[in-house]
Amino acid sequence: MKLTRSLFCAVALILLCSSLFAGVPSPKASSDGAHANKGDEVSVEGEKRFRANCGRCHQAPHKLSPAMMRTAIRHMRVRANITDEDMRVILEYITQ
Amino acid sequence: MWIFLLLATAVLCFAQDNNDRAVPLLSGTAAFVTNFDGGHADVQPVFAPVLLVPIRQNWLIEGRGQFEGDFERKDNGSFGGPVSSELQYVQLDYIANKYVTFSAGRYLTPFGIYNERLYPLFIRNFQQEPFTLGLTGESSDGAMLRGGFQIADGVNLTYATYFSTLSTVNKLYSDRAAGGRVSFYFPKRRFEIGSSWKHLLQEERTNSYGAHLAWQPYSVPFDLRAEYAYDTKGKAYWIESAYKLSSVPVGQAVTRHAQLVARLQQFFIGKDIDENDEYELPDVRTTQVEGGLNYYFRDDVRAQASYGRAFSIDGNRNIWTVGATYRFAMPLWPGDWR
(Lines give C-alpha, C1' and ligand atoms only; values in the text may rest on other atoms or scores of the structure.)
Protein backbone atom coordinates (compact mmCIF):
# COMPACT_ATOMS: atom_id res chain seq x y z
CA MET A 1 0.00 0.00 0.00
CA LYS A 2 2.84 2.35 0.88
CA LEU A 3 4.49 1.60 -2.47
CA THR A 4 1.26 2.33 -4.35
CA ARG A 5 0.81 5.60 -2.49
CA SER A 6 4.41 6.64 -3.10
CA LEU A 7 4.18 5.82 -6.81
CA PHE A 8 0.90 7.69 -7.06
CA CYS A 9 2.39 10.78 -5.43
CA ALA A 10 5.60 10.61 -7.51
CA VAL A 11 3.76 10.32 -10.83
CA ALA A 12 1.40 13.12 -9.89
CA LEU A 13 4.29 15.38 -8.88
CA ILE A 14 6.27 14.73 -12.08
CA LEU A 15 3.27 15.39 -14.31
CA LEU A 16 2.31 18.52 -12.45
CA CYS A 17 5.81 19.96 -12.64
CA SER A 18 6.36 19.07 -16.28
CA SER A 19 3.02 20.48 -17.37
CA LEU A 20 4.02 23.88 -16.02
CA PHE A 21 6.50 24.07 -18.90
CA ALA A 22 4.08 22.94 -21.57
CA GLY A 23 2.27 26.24 -21.97
CA VAL A 24 2.82 28.52 -24.93
CA PRO A 25 1.83 32.15 -25.55
CA SER A 26 -1.82 33.06 -25.86
CA PRO A 27 -3.42 32.02 -29.17
CA LYS A 28 -4.61 35.60 -29.69
CA ALA A 29 -1.09 37.01 -29.62
CA SER A 30 -0.46 37.07 -33.39
CA SER A 31 -2.51 39.15 -35.77
CA ASP A 32 -0.68 41.28 -38.28
CA GLY A 33 -1.17 43.60 -41.26
CA ALA A 34 -2.74 41.85 -44.25
CA HIS A 35 -4.73 39.44 -42.17
CA ALA A 36 -5.96 42.00 -39.68
CA ASN A 37 -9.51 42.36 -41.04
CA LYS A 38 -10.08 38.68 -41.51
CA GLY A 39 -8.53 38.14 -38.11
CA ASP A 40 -10.92 40.61 -36.53
CA GLU A 41 -13.92 38.89 -38.06
CA VAL A 42 -12.69 35.52 -36.89
CA SER A 43 -12.07 36.95 -33.44
CA VAL A 44 -15.55 38.43 -33.08
CA GLU A 45 -17.40 35.35 -34.29
CA GLY A 46 -14.95 33.00 -32.60
CA GLU A 47 -15.21 34.71 -29.27
CA LYS A 48 -18.99 34.71 -29.54
CA ARG A 49 -19.05 30.97 -30.18
CA PHE A 50 -16.41 30.31 -27.57
CA ARG A 51 -18.58 32.04 -24.97
CA ALA A 52 -21.70 30.24 -26.18
CA ASN A 53 -20.10 26.81 -25.98
CA CYS A 54 -16.79 26.50 -24.12
CA GLY A 55 -17.52 29.37 -21.72
CA ARG A 56 -20.40 27.47 -20.20
CA CYS A 57 -17.97 25.28 -18.26
CA HIS A 58 -14.48 26.66 -18.87
CA GLN A 59 -12.61 29.86 -18.14
CA ALA A 60 -11.18 32.13 -20.87
CA PRO A 61 -9.03 30.54 -23.65
CA HIS A 62 -6.35 28.32 -22.21
CA LYS A 63 -2.73 28.87 -23.06
CA LEU A 64 -2.29 25.77 -25.15
CA SER A 65 -0.47 25.39 -28.44
CA PRO A 66 -2.54 25.19 -31.67
CA ALA A 67 -1.73 21.49 -32.06
CA MET A 68 -2.95 20.81 -28.53
CA MET A 69 -6.08 22.88 -29.10
CA ARG A 70 -6.91 20.81 -32.18
CA THR A 71 -6.97 17.74 -29.99
CA ALA A 72 -8.86 19.41 -27.15
CA ILE A 73 -11.56 20.77 -29.46
CA ARG A 74 -12.05 17.34 -31.05
CA HIS A 75 -12.48 15.97 -27.54
CA MET A 76 -15.11 18.63 -26.82
CA ARG A 77 -16.82 17.95 -30.16
CA VAL A 78 -17.58 14.50 -28.77
CA ARG A 79 -17.93 15.21 -25.05
CA ALA A 80 -20.00 18.39 -25.19
CA ASN A 81 -21.75 17.71 -28.53
CA ILE A 82 -20.47 20.96 -30.03
CA THR A 83 -21.76 21.38 -33.56
CA ASP A 84 -19.41 20.90 -36.49
CA GLU A 85 -19.62 24.56 -37.52
CA ASP A 86 -19.02 25.83 -33.98
CA MET A 87 -16.00 23.55 -33.69
CA ARG A 88 -14.43 24.93 -36.86
CA VAL A 89 -15.01 28.60 -35.96
CA ILE A 90 -13.77 28.16 -32.39
CA LEU A 91 -10.72 26.27 -33.59
CA GLU A 92 -9.82 29.01 -36.05
CA TYR A 93 -10.33 31.66 -33.38
CA ILE A 94 -8.37 29.93 -30.71
CA THR A 95 -5.45 28.95 -32.92
CA GLN A 96 -5.04 32.18 -34.87
CA MET B 1 -2.98 -4.21 -19.37
CA TRP B 2 -4.92 -4.49 -22.62
CA ILE B 3 -6.02 -0.89 -22.23
CA PHE B 4 -2.42 0.32 -22.10
CA LEU B 5 -1.61 -1.81 -25.15
CA LEU B 6 -4.55 -0.24 -26.96
CA LEU B 7 -3.42 3.26 -26.10
CA ALA B 8 0.19 2.50 -27.01
CA THR B 9 -0.96 1.18 -30.38
CA ALA B 10 -2.96 4.33 -30.91
CA VAL B 11 0.07 6.51 -30.23
CA LEU B 12 2.04 4.45 -32.75
CA CYS B 13 -0.75 4.91 -35.29
CA PHE B 14 -0.44 8.63 -34.73
CA ALA B 15 3.30 8.38 -35.29
CA GLN B 16 2.63 7.01 -38.77
CA ASP B 17 0.10 9.70 -39.47
CA ASN B 18 1.82 12.89 -38.53
CA ASN B 19 0.15 14.85 -41.34
CA ASP B 20 -2.64 15.29 -38.87
CA ARG B 21 -1.62 18.33 -36.90
CA ALA B 22 -3.48 17.46 -33.75
CA VAL B 23 -1.18 15.82 -31.21
CA PRO B 24 -1.74 13.24 -28.47
CA LEU B 25 -2.45 15.07 -25.27
CA LEU B 26 -2.25 14.24 -21.60
CA SER B 27 -4.54 16.39 -19.55
CA GLY B 28 -6.50 16.03 -16.37
CA THR B 29 -6.87 17.24 -12.83
CA ALA B 30 -4.93 17.06 -9.62
CA ALA B 31 -6.79 18.03 -6.50
CA PHE B 32 -6.43 18.06 -2.78
CA VAL B 33 -9.66 18.13 -0.84
CA THR B 34 -10.32 18.07 2.89
CA ASN B 35 -13.82 17.20 4.10
CA PHE B 36 -15.28 17.58 7.56
CA ASP B 37 -18.55 15.69 7.40
CA GLY B 38 -20.45 15.57 10.68
CA GLY B 39 -17.21 16.13 12.59
CA HIS B 40 -15.45 13.32 10.73
CA ALA B 41 -12.36 14.56 8.86
CA ASP B 42 -10.89 12.97 5.78
CA VAL B 43 -8.26 14.09 3.31
CA GLN B 44 -8.59 13.20 -0.37
CA PRO B 45 -5.72 13.73 -2.79
CA VAL B 46 -7.03 13.00 -6.28
CA PHE B 47 -5.21 12.54 -9.56
CA ALA B 48 -7.37 12.10 -12.66
CA PRO B 49 -5.39 11.93 -15.93
CA VAL B 50 -7.12 12.19 -19.30
CA LEU B 51 -5.40 10.79 -22.38
CA LEU B 52 -6.46 12.00 -25.83
CA VAL B 53 -5.05 10.43 -28.98
CA PRO B 54 -6.34 11.88 -32.27
CA ILE B 55 -5.98 9.69 -35.35
CA ARG B 56 -6.37 11.12 -38.84
CA GLN B 57 -9.13 13.72 -39.16
CA ASN B 58 -12.09 12.02 -37.59
CA TRP B 59 -10.91 9.56 -35.00
CA LEU B 60 -10.14 9.96 -31.35
CA ILE B 61 -9.16 7.59 -28.60
CA GLU B 62 -9.82 9.03 -25.17
CA GLY B 63 -9.59 7.72 -21.65
CA ARG B 64 -9.74 8.91 -18.09
CA GLY B 65 -8.64 7.23 -14.91
CA GLN B 66 -8.90 8.40 -11.35
CA PHE B 67 -6.66 7.67 -8.39
CA GLU B 68 -8.13 8.84 -5.14
CA GLY B 69 -6.79 8.63 -1.63
CA ASP B 70 -9.17 8.44 1.29
CA PHE B 71 -7.05 9.29 4.27
CA GLU B 72 -8.51 9.46 7.77
CA ARG B 73 -6.99 10.42 11.08
CA LYS B 74 -5.58 7.44 12.91
CA ASP B 75 -5.23 6.93 16.66
CA ASN B 76 -1.66 8.24 16.62
CA GLY B 77 -2.79 11.48 14.99
CA SER B 78 -1.42 10.82 11.52
CA PHE B 79 -3.57 10.45 8.40
CA GLY B 80 -3.66 7.26 6.36
CA GLY B 81 -5.93 5.05 4.31
CA PRO B 82 -6.43 3.32 0.99
CA VAL B 83 -5.80 4.68 -2.48
CA SER B 84 -8.44 3.55 -4.95
CA SER B 85 -8.13 3.51 -8.71
CA GLU B 86 -10.89 3.65 -11.28
CA LEU B 87 -11.08 3.56 -15.06
CA GLN B 88 -13.89 5.96 -15.83
CA TYR B 89 -13.81 5.74 -19.59
CA VAL B 90 -11.69 4.52 -22.46
CA GLN B 91 -13.43 4.83 -25.79
CA LEU B 92 -12.87 5.05 -29.50
CA ASP B 93 -14.75 7.87 -31.25
CA TYR B 94 -15.42 8.18 -34.94
CA ILE B 95 -16.88 11.48 -36.11
CA ALA B 96 -18.80 10.14 -39.10
CA ASN B 97 -20.35 13.42 -40.23
CA LYS B 98 -21.77 16.60 -38.77
CA TYR B 99 -24.77 14.73 -37.39
CA VAL B 100 -23.35 11.52 -35.98
CA THR B 101 -20.42 10.46 -33.87
CA PHE B 102 -19.97 6.78 -33.09
CA SER B 103 -18.31 5.76 -29.82
CA ALA B 104 -17.43 2.33 -28.52
CA GLY B 105 -15.73 1.06 -25.41
CA ARG B 106 -16.24 2.14 -21.83
CA TYR B 107 -17.91 5.53 -21.75
CA LEU B 108 -19.55 7.88 -19.28
CA THR B 109 -23.26 7.17 -19.19
CA PRO B 110 -24.98 10.10 -20.92
CA PHE B 111 -27.64 10.79 -18.30
CA GLY B 112 -28.24 14.39 -17.26
CA ILE B 113 -25.44 16.95 -17.37
CA TYR B 114 -23.33 16.21 -14.32
CA ASN B 115 -21.70 12.90 -15.19
CA GLU B 116 -20.39 13.85 -18.62
CA ARG B 117 -19.79 17.57 -18.35
CA LEU B 118 -19.53 18.74 -14.76
CA TYR B 119 -17.78 15.82 -13.10
CA PRO B 120 -14.11 16.87 -13.58
CA LEU B 121 -12.77 18.31 -10.35
CA PHE B 122 -11.57 21.50 -12.01
CA ILE B 123 -15.05 22.18 -13.42
CA ARG B 124 -17.45 21.22 -10.63
CA ASN B 125 -18.43 24.05 -8.29
CA PHE B 126 -18.70 21.82 -5.20
CA GLN B 127 -16.31 18.99 -4.54
CA GLN B 128 -19.06 16.80 -3.09
CA GLU B 129 -20.96 14.94 -5.80
CA PRO B 130 -24.74 15.41 -5.99
CA PHE B 131 -27.17 12.61 -5.09
CA THR B 132 -28.30 12.27 -8.69
CA LEU B 133 -24.93 10.81 -9.70
CA GLY B 134 -25.50 7.70 -7.57
CA LEU B 135 -28.87 7.02 -9.17
CA THR B 136 -28.01 6.53 -12.78
CA GLY B 137 -24.63 4.84 -13.08
CA GLU B 138 -21.41 6.58 -13.94
CA SER B 139 -19.95 4.37 -16.71
CA SER B 140 -21.23 1.87 -19.24
CA ASP B 141 -19.54 -0.62 -21.57
CA GLY B 142 -20.86 -0.79 -25.10
CA ALA B 143 -21.58 1.51 -28.00
CA MET B 144 -23.12 4.93 -28.41
CA LEU B 145 -24.34 7.25 -31.15
CA ARG B 146 -24.28 10.95 -30.38
CA GLY B 147 -24.10 14.37 -31.93
CA GLY B 148 -25.12 17.98 -31.97
CA PHE B 149 -26.34 20.12 -34.84
CA GLN B 150 -28.39 23.20 -35.59
CA ILE B 151 -32.07 22.55 -36.31
CA ALA B 152 -33.21 26.18 -36.62
CA ASP B 153 -31.74 29.62 -36.26
CA GLY B 154 -30.59 29.83 -32.66
CA VAL B 155 -31.56 26.27 -31.74
CA ASN B 156 -29.22 23.30 -31.49
CA LEU B 157 -30.30 19.74 -30.91
CA THR B 158 -27.92 17.44 -29.06
CA TYR B 159 -28.50 13.76 -28.51
CA ALA B 160 -26.88 10.57 -27.27
CA THR B 161 -28.26 7.05 -27.43
CA TYR B 162 -26.48 3.96 -26.20
CA PHE B 163 -26.54 0.27 -25.48
CA SER B 164 -24.39 -1.16 -22.74
CA THR B 165 -23.62 -4.75 -21.92
CA LEU B 166 -23.38 -6.50 -18.59
CA SER B 167 -19.88 -6.59 -17.18
CA THR B 168 -18.92 -7.86 -13.77
CA VAL B 169 -15.20 -7.44 -14.41
CA ASN B 170 -13.50 -5.56 -11.60
CA LYS B 171 -13.00 -1.86 -12.51
CA LEU B 172 -15.15 -2.30 -15.63
CA TYR B 173 -18.53 -2.93 -14.04
CA SER B 174 -21.48 -2.12 -16.24
CA ASP B 175 -25.20 -2.84 -16.39
CA ARG B 176 -26.94 -4.27 -19.43
CA ALA B 177 -29.04 -1.31 -20.39
CA ALA B 178 -30.18 1.00 -23.16
CA GLY B 179 -30.87 4.68 -22.88
CA GLY B 180 -30.35 8.13 -24.20
CA ARG B 181 -30.51 11.84 -23.70
CA VAL B 182 -31.85 14.67 -25.81
CA SER B 183 -31.35 18.40 -25.24
CA PHE B 184 -32.29 21.62 -26.91
CA TYR B 185 -29.70 24.35 -26.63
CA PHE B 186 -30.37 28.02 -27.42
CA PRO B 187 -26.89 29.52 -27.86
CA LYS B 188 -28.11 33.12 -28.15
CA ARG B 189 -29.51 32.84 -24.65
CA ARG B 190 -27.13 30.16 -23.39
CA PHE B 191 -30.11 28.17 -22.22
CA GLU B 192 -30.35 24.39 -22.38
CA ILE B 193 -33.12 22.03 -21.42
CA GLY B 194 -33.27 18.30 -21.89
CA SER B 195 -34.23 14.90 -20.60
CA SER B 196 -32.65 11.47 -20.19
CA TRP B 197 -33.86 7.92 -19.85
CA LYS B 198 -32.40 4.52 -19.16
CA HIS B 199 -33.99 1.07 -19.36
CA LEU B 200 -32.29 -1.72 -17.48
CA LEU B 201 -32.20 -4.92 -19.55
CA GLN B 202 -31.50 -7.22 -16.62
CA GLU B 203 -33.01 -8.19 -13.26
CA GLU B 204 -36.12 -6.08 -12.66
CA ARG B 205 -35.89 -4.30 -16.03
CA THR B 206 -36.58 -0.98 -14.38
CA ASN B 207 -36.68 2.48 -15.92
CA SER B 208 -34.86 5.65 -14.91
CA TYR B 209 -35.78 9.15 -16.01
CA GLY B 210 -34.14 12.51 -15.71
CA ALA B 211 -34.38 16.16 -16.69
CA HIS B 212 -31.89 18.99 -16.70
CA LEU B 213 -31.51 22.64 -17.49
CA ALA B 214 -28.69 25.14 -17.61
CA TRP B 215 -28.78 28.90 -18.08
CA GLN B 216 -25.90 31.32 -18.27
CA PRO B 217 -27.14 34.77 -19.28
CA TYR B 218 -24.65 36.91 -21.19
CA SER B 219 -25.57 40.09 -19.34
CA VAL B 220 -24.43 38.98 -15.87
CA PRO B 221 -21.73 36.49 -14.78
CA PHE B 222 -24.32 34.12 -13.37
CA ASP B 223 -24.79 30.37 -13.85
CA LEU B 224 -27.88 28.37 -13.02
CA ARG B 225 -27.94 24.62 -13.39
CA ALA B 226 -30.37 21.97 -12.23
CA GLU B 227 -30.84 18.25 -12.63
CA TYR B 228 -33.50 15.74 -11.61
CA ALA B 229 -33.25 11.95 -11.64
CA TYR B 230 -35.67 9.18 -10.82
CA ASP B 231 -34.74 5.55 -10.24
CA THR B 232 -36.04 2.69 -8.11
CA LYS B 233 -33.31 3.50 -5.58
CA GLY B 234 -34.87 6.93 -5.10
CA LYS B 235 -35.30 10.28 -6.71
CA ALA B 236 -33.23 13.38 -6.31
CA TYR B 237 -32.70 16.85 -7.65
CA TRP B 238 -30.16 19.62 -7.28
CA ILE B 239 -30.23 23.30 -8.15
CA GLU B 240 -26.95 25.14 -8.28
CA SER B 241 -26.14 28.78 -8.89
CA ALA B 242 -22.82 30.53 -9.26
CA TYR B 243 -22.04 34.22 -9.45
CA LYS B 244 -18.65 35.61 -10.45
CA LEU B 245 -17.80 38.79 -8.59
CA SER B 246 -16.14 40.29 -11.67
CA SER B 247 -18.84 42.96 -11.92
CA VAL B 248 -18.41 44.12 -8.32
CA PRO B 249 -16.92 47.63 -8.60
CA VAL B 250 -14.71 47.47 -5.51
CA GLY B 251 -11.50 45.52 -5.02
CA GLN B 252 -11.38 44.37 -8.64
CA ALA B 253 -7.89 42.94 -8.27
CA VAL B 254 -9.33 40.31 -5.95
CA THR B 255 -13.03 40.09 -6.69
CA ARG B 256 -12.67 39.42 -10.44
CA HIS B 257 -11.14 36.05 -9.58
CA ALA B 258 -13.80 35.07 -7.06
CA GLN B 259 -17.06 33.20 -7.51
CA LEU B 260 -19.86 32.61 -5.01
CA VAL B 261 -21.70 29.31 -5.33
CA ALA B 262 -24.81 27.83 -3.75
CA ARG B 263 -26.59 24.51 -4.09
CA LEU B 264 -29.77 22.93 -2.80
CA GLN B 265 -30.37 19.23 -3.23
CA GLN B 266 -32.86 16.69 -1.94
CA PHE B 267 -33.01 12.92 -1.98
CA PHE B 268 -36.17 10.86 -1.54
CA ILE B 269 -35.84 7.14 -0.95
CA GLY B 270 -37.28 4.69 -3.46
CA LYS B 271 -38.57 1.15 -3.11
CA ASP B 272 -35.18 -0.55 -3.59
CA ILE B 273 -32.85 0.96 -1.00
CA ASP B 274 -30.82 -2.18 -0.19
CA GLU B 275 -27.87 -1.06 -2.33
CA ASN B 276 -27.97 2.65 -1.50
CA ASP B 277 -24.79 2.48 0.60
CA GLU B 278 -22.93 0.95 -2.34
CA TYR B 279 -23.97 3.86 -4.55
CA GLU B 280 -23.16 6.41 -1.83
CA LEU B 281 -26.82 7.34 -1.51
CA PRO B 282 -28.64 8.13 1.75
CA ASP B 283 -31.08 5.54 3.07
CA VAL B 284 -33.40 8.20 4.45
CA ARG B 285 -34.89 11.35 2.99
CA THR B 286 -32.18 14.01 3.05
CA THR B 287 -32.07 17.71 2.28
CA GLN B 288 -28.71 19.42 1.83
CA VAL B 289 -27.96 23.13 1.48
CA GLU B 290 -24.47 24.37 0.60
CA GLY B 291 -22.71 27.63 -0.04
CA GLY B 292 -19.13 28.31 -0.97
CA LEU B 293 -16.43 30.46 -2.51
CA ASN B 294 -14.20 29.55 -5.45
CA TYR B 295 -11.11 31.61 -6.16
CA TYR B 296 -9.30 31.32 -9.51
CA PHE B 297 -5.60 32.14 -9.23
CA ARG B 298 -5.34 31.30 -12.93
CA ASP B 299 -7.72 29.65 -15.33
CA ASP B 300 -6.25 26.30 -14.30
CA VAL B 301 -5.59 26.79 -10.58
CA ARG B 302 -8.45 27.20 -8.15
CA ALA B 303 -9.01 27.20 -4.40
CA GLN B 304 -12.38 26.20 -3.00
CA ALA B 305 -14.14 26.37 0.35
CA SER B 306 -17.71 25.48 1.16
CA TYR B 307 -20.06 24.94 4.05
CA GLY B 308 -23.18 22.82 3.95
CA ARG B 309 -25.86 21.55 6.27
CA ALA B 310 -27.58 18.20 5.77
CA PHE B 311 -31.02 17.58 7.27
CA SER B 312 -32.45 14.09 7.79
CA ILE B 313 -34.23 12.02 10.43
CA ASP B 314 -30.86 10.42 11.20
CA GLY B 315 -29.73 13.79 12.51
CA ASN B 316 -28.58 17.04 11.04
CA ARG B 317 -24.89 17.59 10.36
CA ASN B 318 -22.43 20.15 9.07
CA ILE B 319 -20.27 19.55 5.99
CA TRP B 320 -17.16 21.65 5.50
CA THR B 321 -14.92 21.36 2.47
CA VAL B 322 -11.61 23.05 1.71
CA GLY B 323 -9.58 22.20 -1.35
CA ALA B 324 -7.53 23.17 -4.37
CA THR B 325 -7.67 21.95 -7.95
CA TYR B 326 -5.19 22.14 -10.79
CA ARG B 327 -5.88 21.34 -14.43
CA PHE B 328 -2.83 20.26 -16.39
CA ALA B 329 -2.33 19.68 -20.10
CA MET B 330 0.76 18.62 -21.97
CA PRO B 331 1.47 17.23 -25.43
CA LEU B 332 2.72 13.67 -25.76
CA TRP B 333 4.55 14.46 -28.96
CA PRO B 334 8.10 15.81 -28.79
CA GLY B 335 7.72 18.25 -31.66
CA ASP B 336 5.11 20.21 -29.83
CA TRP B 337 7.08 20.94 -26.67
CA ARG B 338 8.01 24.61 -26.55
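Because the structure is predicted, anything quoted here is derived from the model rather than measured. Chain letters run A, B, ... following the sequence lines, proteins first and then strands; every chain starts at 1.
- Ion pairing between A:E85 and B:K98 fails under the 4.0 Å rule for side-chain N and carboxylate O.
- Heavy atoms of A:R77 lying under 4.5 Å from chain B belong exclusively to its side chain.
- Only the side chain of B:I95 comes within contact range of chain A, with at least one heavy atom under 4.5 Å from a heavy atom of that chain.
- Ring centroid separation for the pair B:H257 and B:Y296 does not come in under the 6.0 Å cut-off.
- Proximity to chain A is limited to the backbone of B:W59, based on heavy atoms less than 4.5 angstrom apart.
- Proximity to chain A is limited to the side chain of B:L118, based on heavy atoms less than 4.5 angstrom apart.
- There is no contact between B:R124 and chain A, counting heavy-atom distances below 4.5 Å.
- Scored by the ring-ring contact (aromatic ring centres under 6.0 Å, His included) test, B:F32 finds no partners at all (sequence neighbours excluded).
- Here A:R49 pairs with A:E45 in a salt bridge; the nearest charged N to carboxylate O distance falls below 4.0 Å.
- Taking non-hydrogen atoms and a 4.5 Å limit, the residue list of residues 180-190 of chain B in contact with chain A, ordered by number, reads B:R181, B:Y185, B:P187, B:R190.
- Contacts between residues 99-115 of chain B and chain A, defined by a heavy-atom separation under 4.5 Å, are made by B:T101, B:S103, B:L108.
- Residue B:E116 touches chain A through both its backbone and its side chain, counting heavy-atom pairs closer than 4.5 Å.
- Checked against side chain to side chain contact (heavy atoms under 4.5 Å, CB included), B:S246 has the following partners two or more places apart in sequence or in another chain: B:P221, B:K244, B:R256.
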